[in-house]
Chemist: 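Below is a structure I'd like to ask you about.
The basis for the numbers below is simple: all heavy atoms, side chains too, and nothing from hydrogens, waters or symmetry mates. Since the structure is predicted, the reported quantities are computational estimates derived from the model, not experimental observations.
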Amino acid sequence: MVFRIFLAGALGTEGMGLYQLVMSIYVVFAAVSSSGISLCTTRLFSDNAANGNYGKGRYLTERSFGLSMFIGGAACVLMFALSEPAAKYVLGDVRCAPALRILAPGLPFMSASACIRGYFCARRNTLIPSGEQLLEQVIETGVFAVLFLCFTPNNLSDACCMTVAGTAAAEAVSFIYAVMCYRHDVKKAGFKVERAAGFLKHSLPILLPVSANALMRSGLSAAENALIPRGLQKHGMTETEALSRYGIISGMTLPLLVFPSVMIMPFALLIIPEIAELNAKSSRKSIKRITEKMVSAALVYSVPITVIFMFFSVPIGKLFFHNSEAGRLLGLLAPVVPFMYLDSIVDGILKGLDEQTSYFVFNTIDSVLRVVLTLILLPFAGIIGAAAVIIISELLNTMMSVLRLIKITEFRLRIINDIIIPAAVSAGVCITAGALPVIFGETADTVIKLVFSAGMCIFFLSRTRKLRPAY
(Lines give C-alpha, C1' and ligand atoms only; values in the text may rest on other atoms or scores of the structure.)
Protein backbone atom coordinates (compact mmCIF):
# COMPACT_ATOMS: atom_id res chain seq x y z
CA MET A 1 0.00 0.00 0.00
CA VAL A 2 2.90 2.32 0.76
CA PHE A 3 4.32 1.49 -2.65
CA ARG A 4 0.98 2.39 -4.24
CA ILE A 5 0.94 5.74 -2.46
CA PHE A 6 4.48 6.59 -3.63
CA LEU A 7 3.64 5.36 -7.11
CA ALA A 8 0.56 7.55 -7.38
CA GLY A 9 2.59 10.57 -6.29
CA ALA A 10 5.38 9.86 -8.78
CA LEU A 11 3.32 8.88 -11.82
CA GLY A 12 0.10 10.83 -11.39
CA THR A 13 -3.28 9.45 -12.42
CA GLU A 14 -2.39 9.10 -16.13
CA GLY A 15 0.87 7.35 -15.27
CA MET A 16 -1.01 5.03 -12.92
CA GLY A 17 -3.32 4.16 -15.79
CA LEU A 18 -0.37 3.33 -18.07
CA TYR A 19 1.28 1.28 -15.32
CA GLN A 20 -1.94 -0.66 -14.75
CA LEU A 21 -2.13 -1.45 -18.47
CA VAL A 22 1.42 -2.83 -18.36
CA MET A 23 0.62 -4.93 -15.29
CA SER A 24 -2.56 -6.31 -16.87
CA ILE A 25 -0.45 -8.06 -19.53
CA TYR A 26 2.23 -9.06 -17.03
CA VAL A 27 -0.42 -10.65 -14.80
CA VAL A 28 -1.47 -12.94 -17.68
CA PHE A 29 2.01 -14.47 -17.92
CA ALA A 30 2.57 -14.35 -14.17
CA ALA A 31 -0.68 -16.17 -13.45
CA VAL A 32 0.12 -18.95 -15.91
CA SER A 33 3.66 -19.22 -14.51
CA SER A 34 2.78 -19.40 -10.83
CA SER A 35 -0.85 -20.13 -9.93
CA GLY A 36 -1.12 -23.74 -11.08
CA ILE A 37 2.34 -24.87 -9.94
CA SER A 38 1.84 -23.50 -6.43
CA LEU A 39 -1.42 -25.38 -5.86
CA CYS A 40 0.02 -28.48 -7.55
CA THR A 41 2.97 -28.57 -5.15
CA THR A 42 0.76 -27.98 -2.12
CA ARG A 43 -1.64 -30.76 -3.08
CA LEU A 44 1.06 -33.31 -4.01
CA PHE A 45 3.01 -32.81 -0.79
CA SER A 46 -0.14 -32.70 1.39
CA ASP A 47 -1.57 -35.87 -0.12
CA ASN A 48 1.66 -37.76 0.60
CA ALA A 49 2.14 -36.17 4.02
CA ALA A 50 -1.34 -37.38 5.03
CA ASN A 51 0.00 -40.93 4.61
CA GLY A 52 3.40 -40.21 6.17
CA ASN A 53 5.25 -40.36 2.82
CA TYR A 54 7.40 -37.26 3.28
CA GLY A 55 10.21 -38.61 1.10
CA LYS A 56 7.83 -38.99 -1.84
CA GLY A 57 6.44 -35.56 -1.07
CA ARG A 58 9.93 -34.08 -1.37
CA TYR A 59 10.57 -35.94 -4.63
CA LEU A 60 7.35 -34.65 -6.17
CA THR A 61 8.09 -31.13 -4.90
CA GLU A 62 11.46 -31.13 -6.66
CA ARG A 63 9.92 -32.49 -9.83
CA SER A 64 7.41 -29.64 -9.59
CA PHE A 65 10.32 -27.22 -9.18
CA GLY A 66 11.84 -28.39 -12.47
CA LEU A 67 8.48 -28.07 -14.17
CA SER A 68 8.06 -24.56 -12.75
CA MET A 69 11.37 -23.43 -14.25
CA PHE A 70 10.32 -24.78 -17.64
CA ILE A 71 6.92 -23.04 -17.50
CA GLY A 72 8.45 -19.77 -16.29
CA GLY A 73 11.16 -19.88 -18.96
CA ALA A 74 8.64 -20.46 -21.72
CA ALA A 75 6.49 -17.61 -20.41
CA CYS A 76 9.55 -15.34 -20.33
CA VAL A 77 10.45 -15.99 -23.96
CA LEU A 78 6.85 -15.62 -25.10
CA MET A 79 6.25 -12.38 -23.21
CA PHE A 80 9.47 -10.82 -24.47
CA ALA A 81 8.65 -11.77 -28.07
CA LEU A 82 5.05 -10.55 -27.85
CA SER A 83 5.70 -7.32 -25.92
CA GLU A 84 5.45 -5.07 -28.98
CA PRO A 85 2.30 -6.67 -30.52
CA ALA A 86 0.62 -6.87 -27.10
CA ALA A 87 1.27 -3.21 -26.40
CA LYS A 88 0.16 -2.09 -29.85
CA TYR A 89 -2.83 -4.32 -30.60
CA VAL A 90 -4.12 -5.40 -27.17
CA LEU A 91 -3.43 -2.39 -24.97
CA GLY A 92 -3.52 0.16 -27.77
CA ASP A 93 -0.49 2.01 -26.35
CA VAL A 94 3.05 1.26 -27.64
CA ARG A 95 4.52 3.04 -24.61
CA CYS A 96 3.88 -0.18 -22.64
CA ALA A 97 6.27 -2.37 -24.69
CA PRO A 98 9.63 -1.47 -23.04
CA ALA A 99 8.23 -2.11 -19.56
CA LEU A 100 6.90 -5.50 -20.64
CA ARG A 101 10.36 -6.50 -21.89
CA ILE A 102 11.91 -5.51 -18.57
CA LEU A 103 9.39 -7.61 -16.65
CA ALA A 104 9.81 -10.78 -18.75
CA PRO A 105 13.10 -12.10 -17.17
CA GLY A 106 11.47 -12.21 -13.74
CA LEU A 107 8.91 -14.87 -14.75
CA PRO A 108 11.09 -18.01 -14.26
CA PHE A 109 12.07 -16.76 -10.80
CA MET A 110 8.43 -16.05 -9.96
CA SER A 111 7.32 -19.51 -11.08
CA ALA A 112 10.00 -21.32 -9.07
CA SER A 113 9.31 -19.19 -5.99
CA ALA A 114 5.61 -20.03 -6.27
CA CYS A 115 6.47 -23.73 -6.31
CA ILE A 116 8.48 -23.37 -3.10
CA ARG A 117 5.69 -21.33 -1.50
CA GLY A 118 3.35 -24.21 -2.31
CA TYR A 119 5.68 -26.57 -0.44
CA PHE A 120 5.83 -24.35 2.64
CA CYS A 121 2.06 -23.92 2.52
CA ALA A 122 1.69 -27.70 2.66
CA ARG A 123 4.13 -27.71 5.59
CA ARG A 124 1.99 -25.06 7.40
CA ASN A 125 5.08 -22.87 7.59
CA THR A 126 3.89 -19.32 6.99
CA LEU A 127 7.02 -17.55 8.19
CA ILE A 128 9.18 -18.41 5.17
CA PRO A 129 6.71 -17.39 2.43
CA SER A 130 5.79 -14.27 4.38
CA GLY A 131 9.45 -13.35 4.75
CA GLU A 132 10.01 -13.97 1.05
CA GLN A 133 7.09 -11.76 0.01
CA LEU A 134 8.11 -9.06 2.49
CA LEU A 135 11.66 -9.12 1.09
CA GLU A 136 10.22 -8.89 -2.41
CA GLN A 137 8.10 -5.86 -1.52
CA VAL A 138 10.97 -4.08 0.23
CA ILE A 139 13.29 -4.57 -2.75
CA GLU A 140 10.61 -3.53 -5.23
CA THR A 141 9.84 -0.36 -3.30
CA GLY A 142 13.54 0.33 -2.62
CA VAL A 143 14.62 0.04 -6.26
CA PHE A 144 11.68 2.21 -7.30
CA ALA A 145 12.61 4.88 -4.72
CA VAL A 146 16.32 4.89 -5.64
CA LEU A 147 15.65 5.16 -9.37
CA PHE A 148 13.19 8.02 -8.97
CA LEU A 149 15.51 9.85 -6.58
CA CYS A 150 18.55 9.49 -8.84
CA PHE A 151 16.96 9.90 -12.26
CA THR A 152 14.22 12.02 -13.76
CA PRO A 153 12.13 10.14 -16.35
CA ASN A 154 11.70 11.93 -19.67
CA ASN A 155 8.19 10.59 -20.23
CA LEU A 156 5.59 8.21 -18.82
CA SER A 157 7.06 5.24 -20.69
CA ASP A 158 10.44 5.78 -19.00
CA ALA A 159 8.68 6.21 -15.66
CA CYS A 160 6.91 2.86 -16.09
CA CYS A 161 10.21 1.19 -16.99
CA MET A 162 11.82 2.55 -13.84
CA THR A 163 8.87 1.34 -11.80
CA VAL A 164 8.83 -2.24 -13.11
CA ALA A 165 12.62 -2.60 -12.84
CA GLY A 166 12.11 -3.04 -9.11
CA THR A 167 9.57 -5.78 -9.73
CA ALA A 168 11.97 -7.79 -11.91
CA ALA A 169 14.87 -7.37 -9.47
CA ALA A 170 12.68 -8.37 -6.53
CA GLU A 171 11.64 -11.63 -8.21
CA ALA A 172 15.28 -12.68 -8.65
CA VAL A 173 16.26 -11.93 -5.05
CA SER A 174 13.17 -13.59 -3.55
CA PHE A 175 13.91 -16.69 -5.66
CA ILE A 176 17.38 -17.03 -4.15
CA TYR A 177 15.94 -16.58 -0.65
CA ALA A 178 13.21 -19.18 -1.29
CA VAL A 179 15.67 -21.80 -2.57
CA MET A 180 17.95 -21.32 0.44
CA CYS A 181 15.01 -21.68 2.83
CA TYR A 182 13.77 -24.82 1.08
CA ARG A 183 17.17 -26.52 1.21
CA HIS A 184 17.49 -25.66 4.89
CA ASP A 185 13.99 -26.94 5.72
CA VAL A 186 14.26 -30.35 4.03
CA LYS A 187 17.69 -30.86 5.61
CA LYS A 188 16.42 -29.90 9.06
CA ALA A 189 13.30 -32.08 8.70
CA GLY A 190 15.38 -35.03 7.46
CA PHE A 191 13.24 -35.70 4.39
CA LYS A 192 15.12 -38.22 2.27
CA VAL A 193 14.18 -38.29 -1.39
CA GLU A 194 12.04 -41.34 -2.19
CA ARG A 195 11.08 -41.84 -5.78
CA ALA A 196 7.37 -41.73 -6.57
CA ALA A 197 5.79 -42.87 -9.81
CA GLY A 198 3.20 -41.04 -11.80
CA PHE A 199 4.29 -37.41 -11.33
CA LEU A 200 2.55 -36.21 -14.49
CA LYS A 201 -0.46 -38.43 -13.81
CA HIS A 202 -1.00 -36.78 -10.41
CA SER A 203 0.15 -33.27 -11.23
CA LEU A 204 -1.52 -32.52 -14.57
CA PRO A 205 -5.14 -32.94 -13.33
CA ILE A 206 -4.34 -30.25 -10.76
CA LEU A 207 -2.02 -28.08 -12.82
CA LEU A 208 -3.89 -27.89 -16.12
CA PRO A 209 -7.34 -26.71 -14.91
CA VAL A 210 -5.84 -24.10 -12.59
CA SER A 211 -3.35 -22.87 -15.20
CA ALA A 212 -6.05 -22.82 -17.87
CA ASN A 213 -8.28 -20.88 -15.51
CA ALA A 214 -5.45 -18.44 -14.78
CA LEU A 215 -4.75 -18.00 -18.49
CA MET A 216 -8.42 -17.56 -19.35
CA ARG A 217 -9.23 -15.22 -16.49
CA SER A 218 -6.10 -13.08 -16.65
CA GLY A 219 -6.32 -12.93 -20.45
CA LEU A 220 -9.92 -11.78 -20.33
CA SER A 221 -8.98 -9.39 -17.52
CA ALA A 222 -6.26 -7.89 -19.72
CA ALA A 223 -8.81 -7.50 -22.51
CA GLU A 224 -11.21 -5.86 -20.06
CA ASN A 225 -8.51 -3.49 -18.82
CA ALA A 226 -7.62 -2.54 -22.36
CA LEU A 227 -11.28 -1.90 -23.14
CA ILE A 228 -11.90 0.38 -20.15
CA PRO A 229 -9.93 3.43 -21.44
CA ARG A 230 -11.39 2.92 -24.90
CA GLY A 231 -14.91 2.68 -23.49
CA LEU A 232 -14.37 5.85 -21.49
CA GLN A 233 -13.20 7.62 -24.63
CA LYS A 234 -16.40 6.54 -26.39
CA HIS A 235 -18.27 8.05 -23.45
CA GLY A 236 -16.76 11.42 -24.36
CA MET A 237 -13.42 11.61 -22.54
CA THR A 238 -10.09 12.47 -24.09
CA GLU A 239 -7.34 9.82 -24.18
CA THR A 240 -5.57 11.45 -21.22
CA GLU A 241 -8.79 11.74 -19.19
CA ALA A 242 -9.74 8.14 -19.90
CA LEU A 243 -6.32 6.83 -18.88
CA SER A 244 -6.44 8.97 -15.73
CA ARG A 245 -9.87 7.67 -14.71
CA TYR A 246 -8.70 4.12 -15.38
CA GLY A 247 -5.66 4.79 -13.18
CA ILE A 248 -7.90 6.03 -10.37
CA ILE A 249 -10.24 3.04 -10.30
CA SER A 250 -7.66 0.30 -10.90
CA GLY A 251 -4.58 1.83 -9.29
CA MET A 252 -6.19 3.56 -6.29
CA THR A 253 -9.75 2.46 -5.50
CA LEU A 254 -9.37 -1.29 -6.03
CA PRO A 255 -6.15 -1.51 -3.95
CA LEU A 256 -8.01 0.27 -1.13
CA LEU A 257 -10.83 -2.29 -1.36
CA VAL A 258 -8.40 -5.21 -1.29
CA PHE A 259 -6.00 -3.82 1.35
CA PRO A 260 -7.89 -5.03 4.49
CA SER A 261 -7.93 -8.55 3.07
CA VAL A 262 -4.34 -8.96 4.29
CA MET A 263 -5.91 -10.19 7.53
CA ILE A 264 -7.97 -12.91 5.87
CA MET A 265 -6.18 -13.92 2.65
CA PRO A 266 -3.60 -16.09 4.47
CA PHE A 267 -6.48 -18.27 5.67
CA ALA A 268 -7.62 -18.72 2.07
CA LEU A 269 -4.16 -20.08 1.27
CA LEU A 270 -3.60 -22.16 4.39
CA ILE A 271 -7.04 -23.78 4.26
CA ILE A 272 -6.08 -25.65 1.06
CA PRO A 273 -3.75 -28.27 2.63
CA GLU A 274 -6.04 -28.64 5.67
CA ILE A 275 -9.08 -29.37 3.53
CA ALA A 276 -7.02 -31.55 1.16
CA GLU A 277 -5.86 -33.80 4.00
CA LEU A 278 -9.37 -34.04 5.48
CA ASN A 279 -10.74 -34.81 2.02
CA ALA A 280 -8.14 -37.55 1.58
CA LYS A 281 -9.36 -39.05 4.88
CA SER A 282 -13.06 -38.54 3.92
CA SER A 283 -13.67 -36.49 7.10
CA ARG A 284 -16.90 -34.85 5.89
CA LYS A 285 -18.02 -33.59 9.30
CA SER A 286 -14.70 -31.85 9.93
CA ILE A 287 -14.81 -30.27 6.47
CA LYS A 288 -18.31 -28.95 7.13
CA ARG A 289 -17.34 -27.58 10.55
CA ILE A 290 -14.23 -25.81 9.24
CA THR A 291 -16.15 -24.44 6.26
CA GLU A 292 -18.80 -22.93 8.52
CA LYS A 293 -16.16 -21.35 10.74
CA MET A 294 -14.24 -19.90 7.80
CA VAL A 295 -17.34 -18.51 6.08
CA SER A 296 -18.54 -16.97 9.34
CA ALA A 297 -15.14 -15.38 10.01
CA ALA A 298 -14.97 -13.95 6.48
CA LEU A 299 -18.40 -12.33 6.78
CA VAL A 300 -18.02 -11.02 10.33
CA TYR A 301 -14.69 -9.48 9.31
CA SER A 302 -15.72 -8.03 5.94
CA VAL A 303 -19.15 -6.58 6.75
CA PRO A 304 -17.79 -3.93 9.18
CA ILE A 305 -15.13 -3.00 6.60
CA THR A 306 -17.90 -2.43 4.07
CA VAL A 307 -19.77 -0.14 6.46
CA ILE A 308 -16.61 1.83 7.35
CA PHE A 309 -15.77 2.27 3.67
CA MET A 310 -19.29 3.50 2.94
CA PHE A 311 -19.31 6.03 5.79
CA PHE A 312 -15.77 7.39 5.32
CA SER A 313 -15.08 6.77 1.62
CA VAL A 314 -14.10 10.31 0.56
CA PRO A 315 -11.90 11.00 3.62
CA ILE A 316 -10.14 7.65 3.02
CA GLY A 317 -9.49 8.56 -0.63
CA LYS A 318 -8.02 11.89 0.43
CA LEU A 319 -6.00 10.30 3.24
CA PHE A 320 -4.24 7.73 1.06
CA PHE A 321 -4.12 9.28 -2.41
CA HIS A 322 -5.24 12.92 -1.97
CA ASN A 323 -7.96 12.10 -4.47
CA SER A 324 -11.66 12.63 -3.74
CA GLU A 325 -12.82 10.69 -6.80
CA ALA A 326 -10.96 7.58 -5.61
CA GLY A 327 -12.91 7.95 -2.37
CA ARG A 328 -16.27 8.35 -4.07
CA LEU A 329 -15.65 5.21 -6.13
CA LEU A 330 -14.59 3.43 -2.93
CA GLY A 331 -17.99 4.21 -1.39
CA LEU A 332 -19.75 3.02 -4.52
CA LEU A 333 -17.83 -0.27 -4.62
CA ALA A 334 -17.78 -0.92 -0.86
CA PRO A 335 -20.79 -3.32 -0.90
CA VAL A 336 -18.76 -5.87 -2.91
CA VAL A 337 -16.19 -6.29 -0.10
CA PRO A 338 -18.00 -9.18 1.69
CA PHE A 339 -18.46 -11.00 -1.62
CA MET A 340 -14.85 -10.38 -2.62
CA TYR A 341 -13.38 -11.63 0.66
CA LEU A 342 -15.81 -14.54 0.99
CA ASP A 343 -15.06 -15.64 -2.56
CA SER A 344 -11.35 -15.96 -1.76
CA ILE A 345 -12.11 -18.23 1.22
CA VAL A 346 -14.62 -20.33 -0.70
CA ASP A 347 -12.23 -20.74 -3.64
CA GLY A 348 -9.52 -21.97 -1.26
CA ILE A 349 -11.87 -24.58 0.20
CA LEU A 350 -12.99 -25.70 -3.26
CA LYS A 351 -9.36 -26.15 -4.33
CA GLY A 352 -8.73 -28.30 -1.26
CA LEU A 353 -11.76 -30.41 -2.20
CA ASP A 354 -10.31 -31.10 -5.65
CA GLU A 355 -12.94 -28.85 -7.24
CA GLN A 356 -10.54 -26.86 -9.43
CA THR A 357 -12.63 -27.71 -12.50
CA SER A 358 -15.68 -25.98 -10.99
CA TYR A 359 -13.41 -23.10 -10.03
CA PHE A 360 -12.27 -22.88 -13.65
CA VAL A 361 -15.84 -22.88 -15.01
CA PHE A 362 -17.08 -20.23 -12.58
CA ASN A 363 -14.16 -17.90 -13.22
CA THR A 364 -14.43 -18.33 -16.97
CA ILE A 365 -18.12 -17.36 -16.89
CA ASP A 366 -17.27 -14.40 -14.69
CA SER A 367 -14.42 -13.18 -16.91
CA VAL A 368 -16.42 -13.45 -20.14
CA LEU A 369 -19.30 -11.56 -18.52
CA ARG A 370 -16.95 -8.77 -17.42
CA VAL A 371 -15.66 -8.26 -20.95
CA VAL A 372 -19.18 -8.25 -22.41
CA LEU A 373 -20.47 -5.81 -19.79
CA THR A 374 -17.45 -3.56 -20.29
CA LEU A 375 -18.21 -3.37 -24.00
CA ILE A 376 -21.88 -2.60 -23.36
CA LEU A 377 -21.91 -0.35 -20.29
CA LEU A 378 -18.84 1.91 -20.49
CA PRO A 379 -19.72 3.81 -23.70
CA PHE A 380 -23.06 4.76 -22.14
CA ALA A 381 -22.34 5.02 -18.39
CA GLY A 382 -18.64 5.90 -18.24
CA ILE A 383 -16.86 5.32 -14.94
CA ILE A 384 -20.16 4.34 -13.26
CA GLY A 385 -20.43 1.57 -15.82
CA ALA A 386 -16.95 0.34 -14.86
CA ALA A 387 -18.04 0.21 -11.21
CA ALA A 388 -21.23 -1.66 -12.20
CA VAL A 389 -19.15 -4.29 -14.02
CA ILE A 390 -17.13 -4.95 -10.85
CA ILE A 391 -20.23 -5.19 -8.67
CA ILE A 392 -22.14 -7.56 -10.97
CA SER A 393 -19.05 -9.71 -11.48
CA GLU A 394 -18.27 -10.15 -7.78
CA LEU A 395 -21.89 -10.97 -6.94
CA LEU A 396 -22.19 -13.61 -9.67
CA ASN A 397 -18.83 -15.27 -9.04
CA THR A 398 -19.35 -15.51 -5.29
CA MET A 399 -22.89 -16.85 -5.64
CA MET A 400 -21.77 -19.61 -8.00
CA SER A 401 -18.89 -20.64 -5.73
CA VAL A 402 -20.95 -20.54 -2.53
CA LEU A 403 -23.79 -22.57 -4.04
CA ARG A 404 -21.30 -25.20 -5.22
CA LEU A 405 -19.70 -25.35 -1.77
CA ILE A 406 -23.10 -25.66 -0.07
CA LYS A 407 -23.95 -28.57 -2.36
CA ILE A 408 -20.70 -30.38 -1.54
CA THR A 409 -20.36 -29.70 2.20
CA GLU A 410 -23.98 -28.86 3.16
CA PHE A 411 -22.72 -26.07 5.41
CA ARG A 412 -25.16 -23.53 6.85
CA LEU A 413 -25.02 -19.84 5.93
CA ARG A 414 -26.10 -17.75 8.95
CA ILE A 415 -27.51 -14.50 7.57
CA ILE A 416 -28.62 -12.89 10.86
CA ASN A 417 -25.57 -13.83 12.94
CA ASP A 418 -22.87 -13.23 10.34
CA ILE A 419 -24.30 -10.35 8.27
CA ILE A 420 -27.18 -8.44 9.88
CA ILE A 421 -25.77 -8.18 13.42
CA PRO A 422 -22.26 -7.07 12.27
CA ALA A 423 -23.82 -4.55 9.84
CA ALA A 424 -26.07 -3.05 12.53
CA VAL A 425 -23.27 -2.82 15.08
CA SER A 426 -20.87 -1.28 12.56
CA ALA A 427 -23.42 1.27 11.35
CA GLY A 428 -24.04 2.42 14.93
CA VAL A 429 -20.32 2.75 15.57
CA CYS A 430 -19.70 4.70 12.33
CA ILE A 431 -22.61 7.09 12.99
CA THR A 432 -21.11 7.79 16.42
CA ALA A 433 -17.63 8.30 14.94
CA GLY A 434 -18.99 10.61 12.24
CA ALA A 435 -20.59 12.79 14.91
CA LEU A 436 -17.24 13.40 16.64
CA PRO A 437 -16.12 17.04 16.35
CA VAL A 438 -13.20 18.10 14.13
CA ILE A 439 -10.35 18.94 16.51
CA PHE A 440 -6.91 18.24 14.99
CA GLY A 441 -7.59 18.84 11.29
CA GLU A 442 -8.98 16.75 8.47
CA THR A 443 -6.17 14.21 8.13
CA ALA A 444 -5.66 13.55 11.83
CA ASP A 445 -9.39 13.41 12.51
CA THR A 446 -9.90 10.91 9.68
CA VAL A 447 -7.27 8.62 11.21
CA ILE A 448 -8.83 8.99 14.66
CA LYS A 449 -12.32 8.19 13.37
CA LEU A 450 -11.10 5.17 11.43
CA VAL A 451 -9.18 3.81 14.41
CA PHE A 452 -12.15 4.51 16.70
CA SER A 453 -14.57 2.79 14.32
CA ALA A 454 -12.38 -0.27 13.84
CA GLY A 455 -11.68 -0.57 17.57
CA MET A 456 -15.32 -0.23 18.59
CA CYS A 457 -16.43 -2.73 15.94
CA ILE A 458 -13.95 -5.28 17.27
CA PHE A 459 -15.07 -4.62 20.86
CA PHE A 460 -18.82 -4.81 20.28
CA LEU A 461 -18.67 -7.75 17.87
CA SER A 462 -16.58 -9.69 20.37
CA ARG A 463 -19.32 -8.96 22.94
CA THR A 464 -22.15 -9.99 20.63
CA ARG A 465 -20.33 -13.19 19.76
CA LYS A 466 -22.05 -14.76 22.76
CA LEU A 467 -25.36 -14.17 21.00
CA ARG A 468 -24.22 -16.17 17.99
CA PRO A 469 -24.35 -19.96 18.42
CA ALA A 470 -21.05 -21.83 18.32
CA TYR A 471 -20.40 -24.24 15.47
Chemist: How far does CG of N155 sit from CZ of R95, to the nearest 0.5 angstrom?
Modeler: 8.0 Å
Chemist: How many angstroms lie between CZ in R370 and CD in E394, if you round to the nearest 0.5 Å?
Modeler: 6.5 Å
Chemist: Return the OG1 to CD distance between T240 and Q233, rounded to the nearest 0.5 Å.
Modeler: 9.0 Å
Chemist: Is there side-chain contact between F321 and I5, with at least one heavy-atom pair below 4.5 Å?
Modeler: yes
Chemist: To the nearest 0.5 angstrom, please state how far the CG atom of L227 sits from the CG atom of L91.
Modeler: 10.5 Å
Chemist: For P335 versus M310, what's the shortest heavy-atom pair and its separation?
Modeler: CG-SD, 4.3 Å
Chemist: With a 4.5 Å limit on heavy-atom distance, are the side chains of K293 and R289 in contact?
Modeler: yes
Chemist: So L257 and L330, do their side chains get closer than 4.5 Å, heavy atoms only?
Modeler: yes
Chemist: For a quick test of reading the model, state the closest non-hydrogen atom pair linking L21 to P229 and the distance between them.
Modeler: CD2-CG, 4.5 Å
Chemist: Quick check: does any side chain N or O of S111 sit under 3.5 Å from a backbone N or O of L107, one acting as donor and the other as acceptor?
Modeler: no
Chemist: Does F267 have more than 12 heavy atoms from other residues, nucleotides or ligands lying within 6.0 Å of its CZ?
Modeler: no
Chemist: Report the C-alpha separation of K318 and S324 in whole Å, then their side-chain angles, then the decisive distance to 0.1 Å, and conclude whether the side chain to side chain contact (heavy atoms under 4.5 Å, CB included) test is met.
Modeler: CA-CA 6 Å; K318 289 182 179 179; S324 299; 3.0 Å; yes
Chemist: Within a reach of under 6.0 Å around NZ of K288, are more than 12 heavy atoms found that belong to other residues, nucleotides or ligands?
Modeler: yes
Chemist: On a heavy-atom basis, which atom in I128 and which in C181 lie closest, and how many Å separate them?
Modeler: CG2-CB, 3.5 Å
Chemist: Side chain to side chain contact (heavy atoms under 4.5 Å, CB included) for H235 and L378? Distances and angles first, verdict last.
Modeler: CA-CA 7 Å; H235 185 64; L378 263 68; over 6 Å; no
Chemist: Is it the case that the side chain of D343 and the backbone of F339 share a donor-acceptor pair, with hydrogens and angles ignored and the cut-off at 3.5 Å?
Modeler: no
Chemist: Check the side chains of E140 and T167 for a donor-acceptor pair under 3.5 angstrom, ignoring hydrogens and angles.
Modeler: yes
Chemist: Between Y301 and P422, is any pair of side-chain heavy atoms under 4.5 Å apart?
Modeler: no
Chemist: Using salt bridge (Lys or Arg N to Asp or Glu O under 4.0 Å), reason through R284 and E410 one step at a time and then give a plain yes or no.
Modeler: CA-CA 10 Å; R284 311 309 298 177; E410 300 180 347; over 6 Å; no
Chemist: Which distance, rounded to the nearest 0.5 Å, do you find between the CD1 of I421 and the CG of L299?
Modeler: 12.5 Å
Chemist: What are the two closest heavy atoms between G382 and L232, and how far apart are they?
Modeler: C-CD2, 3.5 Å
Chemist: Is there a side chain to side chain contact (heavy atoms under 4.5 Å, CB included) between E136 and V173? Walk through the geometry before answering.
Modeler: CA-CA 7 Å; E136 184 178 320; V173 175; over 6 Å; no
Chemist: Within the 4.5 Å heavy-atom criterion, are V402 and F411 side-chain neighbours or not?
Modeler: yes
Chemist: If I compare all heavy atoms of V90 with all of A226, which pair ends up nearest, and what's the gap?
Modeler: O-CB, 3.0 Å
Chemist: Any sub-3.5 Å donor-acceptor pair from S113's side-chain atoms to F109's backbone N or O?
Modeler: yes
Chemist: I want to check something: taking the side chain as every heavy atom from C-beta on, are I305 and Y341 in contact at a cut-off of under 4.5 Å?
Modeler: yes
Chemist: With sequence neighbours left out, what residues match E277 under salt bridge (charged side-chain N to carboxylate O under 4.0 Å, His left out)?
Modeler: R124
Chemist: Could you tell me whether the side chain of S174 and the main chain of E171 form a donor-acceptor pair under 3.5 Å?
Modeler: yes
Chemist: State the CD1-CE distance between I290 and M294, to the nearest 0.5 angstrom.
Modeler: 9.0 Å
Chemist: Should L353 and T409 count as side-chain neighbours, where that means a heavy-atom distance under 4.5 Å?
Modeler: yes
Chemist: Please walk me through it: do Y19 and L156 pass side chain to side chain contact (heavy atoms under 4.5 Å, CB included)?
Modeler: CA-CA 9 Å; Y19 171 74; L156 287 180; over 6 Å; no
Chemist: Taking all atoms of both residues into account, what is the closest heavy-atom pair of A99 and V22, and its distance?
Modeler: CB-CG1, 3.8 Å
Chemist: Do the side chains of M400 and L396 get nearer than 4.5 Å, heavy atoms only?
Modeler: yes
